[in-house]
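Protein chains get the first letters and strands the later ones, always in sequence-line order, with residue 1 at the start of each.
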Amino acid sequence: MPHLQASAAAVPGSVQHLSFRVREARYALPIELVREIIEYGHVTTVPMMPSFIHGVINLRGNVVPVLDLAARFGMPLSVANKRTCIVIIELTLDEQEQRIGLVVDAVDAVLDIDLASVEPAPPFGAGINTDFIAGMARDERGFTIVLDVRRVLSLDDIRQLSLARQAS
Amino acid sequence: MLNGEQWTQLLLGFIEEASELTQQAEEYLLQLDQSPTDEEALSGLFRAMHTIKGSAGLFSLTPLVSFTHHLENLLMAVRDGAGTLSPALISVLLRCLDEVASMVALIDPQTGELPVDEQHQAQLLATLAEQAQGVPGVKPLAVEPGAEPAAAISGTGGAWHISLRFSADLLRNGFDPAAFVRYLGRLGDISHLALIDDTLPALAELDPESCYLGLEIDLLSDASKTEIEDVFEFIRDFCTLHILPPDSALDDYLQLIQQLPESDARIGQILVSAGLLTENELQAGLTVQASSEAKPALGEVLVSQGVVPPKAVDAALAKQKASREKRVNDAPIRVAAHKLDELINLVGELVISAAGAQLHAQKHGNALCVESTQTVNQHVEQIREVALKMRMIEIGDTFNRFHRVVRDVSQQLGKDIRLDIRGADTELDKSVIDQLADPLTHLVRNAIDHGIENAEQRAAAGKPAQGLLRLNAYHESGMIVIEVSDDGHGLNTARIRDKAIARGLIDAQANLSEHDIQRLIFAAGFSTAEAVSDLSGRGVGMDVVRSAIDALRGSIDIDSVQGQGTTFRIRLPLTLAIIDGFLVSLGDEHLVVPLDLVTECIELDASQLTRCTYGYIELRGKPLPCIDLAAHFGLPPSHTVRRNIVVVNFGRQQAGLIVDHLHGELQTVIKPLGLLFQHLQGISGSTILGSGQIALILDIANLFHTLHHSVEADSRTNQPRPDLTGS
């Protein structure tokens, strides 16, 4: 990952985030959630799921579901190129540790985001559902959208979408 | 000293042991309910209480010790007095066991504290004492531990002389020497008792867990030698016992003196002070010195005393030895369940990587390499089987618990019901059994409550007064089948139908078979509180039972004949971790069909079936419904010219799955798909193939269920699905 710069000691009051690109916009999520970043490989399709649930991959003997972030944001499905990555994150959903892969167009850098300088999301115009946005961080390159991962991966949402898909 | 954590570990071990023992005790008690003279059950029950009491003592759980002490005393009295337990007494004892179980459950493993409902206990004990008085052979309960009533001595003549040398392990095995002396006191009057503490080391060298004591006891009693020996039955392995009958010959006493490890003079003095020998006799005897031998075993003593012929002793000793060896070999080892899971997970990984190695070897074409990977695979297969067997436990324990349920519920309802258990040795994965207990209890209670009629109704129907409830388990084509059947009045299909129509589950005009109507009781929303009165409660919570069985990847079915009885049949997979699968593919995607369900594979004759998702073909003169899996799952349509049909059988249903290619059998390690896919229908999990690719595992039961439902839904609305009539 040539673009991935390990930043020096964390600045007090700031939280390290991994930033990445989906289509033209920059997004970030707290680095403490990120377990690893892998090259985009063969994804097995799981039928009858919402389109953003891309499928499952074999991560060293574990079956890990993969979400297409672009599709989740309502954009067309990602077409893999050589910079496409899967960011493996781990978080607790419904009191269970769950590892999930997120397909992103490219991984950017590790940013120190000062929480005090994070702006709330604008009511519209960010290009994605405002519910998914935890805040907007600004640096010399412009805004980075900090994702609210729990909202993006809301099980209730996914449940309803998959039930709707199966019923059709 | 033990630190807090070790102590907690020990205490947790005790809690587990004690709850198991309580469970066992309950089983023994229920056996006694059936056959009141079963001595083995009685002593088993006694042993269980005794062990709980002993171990509880180690943890200073005083309330538990004193409560079990009362039970132990009563049981000892029954055993001693050759009395029997009346049904009323058994009922009280069952309640007492419940109290023991609840006390055990209440122990705080961190602090070792045990909150007690003293009033409840006192009440129980009072009832127990009251019931115990009515039983012949049982003496009134001693309220204070240790204050045993002195038994009347009817015998005449001298005293038995008993020499006891405890082995160092006695205390470690949870026995209290004093308990045996007290118990001995019930056989007669202990006229003289001398403590032998010669081997007691200096305090610094003393191991507080070792027993260094011996006893010389004189007992005035008309009990037989066997009766006295039986007192020490439990510690036979932990002591050396010499018993001399009253008024034995002088030579016998002298022989005893020589056999005992202590100095001759020491024992001699005890015998003299007990009045068994005079000073003169002793002196005379001691002059005749015989070569002293090593401590003889009990058997040899018996022979030398001429009590038992040598042959019989040899046989008994051999038998004892054999049974002890067997016990060592068969002795179970307690292993934490998560360690076993870890092992099985690793074996799962091993299966996958071995399959991968074999695949690469075959591609490479090196014969030696292929051969050795095959050998590895054979071993892996064996390891897999052994590892899975470790998780398998017999269902008998679960079944036996229902003796209590049946007894309690039928007594409550005033019905006479016999529980018949079959196939108790059928083995099932532990996690499956654990999750099965609740649905089974539900079915059993329902059968007793609503299935089996009361005595008058049974008499009117010409049935025997005693109702029969049967639990049965057996293997059938790679699945475990568990049946709960009763000989009651069966399901009233007319009423179920009315109810279902009232609940809007079916259309009033729907033409359903008897069996379909019976299955309606599993429908969610069928059973409500209101249904209890309307439908005599039959079917209450059946949807809960079904969802519990569904969660185990199993299925449940009913067979009910009105007036003759109902059978619930539960089908379950043997294990949840690894299955034998049959690999097929649809385009690039691989799918695994559980092999047990596959009956045959045939080539699809394209002319037989039009291109639609659902249709049927003719198979040996019968229509076989078929599903085009690719279309069903919304995958890109197949371009394969020659497609295949995998015929699967599930319960009574048969269907064909249309797939592109067949790849053959493989061992499938089930990997759960996780939360994101928890609502996915028709797919139960996934597995990783040797190539590293992921294959999804088909959930045939669910697939059938969904299809059946959608067809039913269509038939109800009288709008036939175009696909189904298209061919």
Under 3.5 Å, which donor-acceptor pairs link side chains of residues 125-136 of chain A to any protein atom two or more places apart or in another chain?
from, atom 1, to, atom 2, distance (Å)
A/N129, OD1, A/D131, N, 3.0
A/T130, OG1, A/P123, O, 3.3

Check: Considering all heavy atoms of both residues, which atom of B/Q681 and which atom of A/M48 are nearest to each other, and what is their separation?
Finding: O-CE, 3.1 Å
Notebook entry, point to check: Which heavy atom in A/G55 sits nearest to a heavy atom in B/F677, and how many Å separate them?
Noted result: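 So the minimum-distance heavy-atom pair works out to O-CZ, 4.1 Å.
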Item checked: Residue from B/I688, B/I694, B/L676 passing side chain to side chain contact (heavy atoms under 4.5 Å, CB included) with A/V56 -> B/I694
Next item on the list: Before giving the answer on side-chain hydrogen bond (donor to acceptor under 3.5 Å, both in side chains), spell out for A/T45 and B/E589 the whole-Å C-alpha distance, their side-chain angles and the decisive distance to 0.1 Å.
Entry: CA-CA 7 Å; A/T45 314; B/E589 304 298 341; 3.1 Å; yes
Hey, is [atom1] on [X] packed in by over 12 heavy atoms from elsewhere, all under 6.0 Å?
| X | atom1 | value |
| --- | --- | --- |
| A/R138 | CZ | no |
| A/E36 | CD | yes |
| A/E24 | CD | no |

Note to self: Which one wins on heavy-atom pair count under 4.5 Å against chain A: B/D588, B/L696, B/L635?
What the structure shows: B/L696
Next item on the list: Identify which of A/N62, A/I53, A/V46 forms the greatest number of heavy-atom pairs closer than 4.5 Å to chain B.
Entry: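 Option with the top pair count is A/V46.
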Notebook entry, point to check: Quick one: does B/I683's side chain get under 4.5 Å of A/P47's, heavy atoms only?
Noted result: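 Yes, at least one pair of side-chain atoms sits under 4.5 Å.
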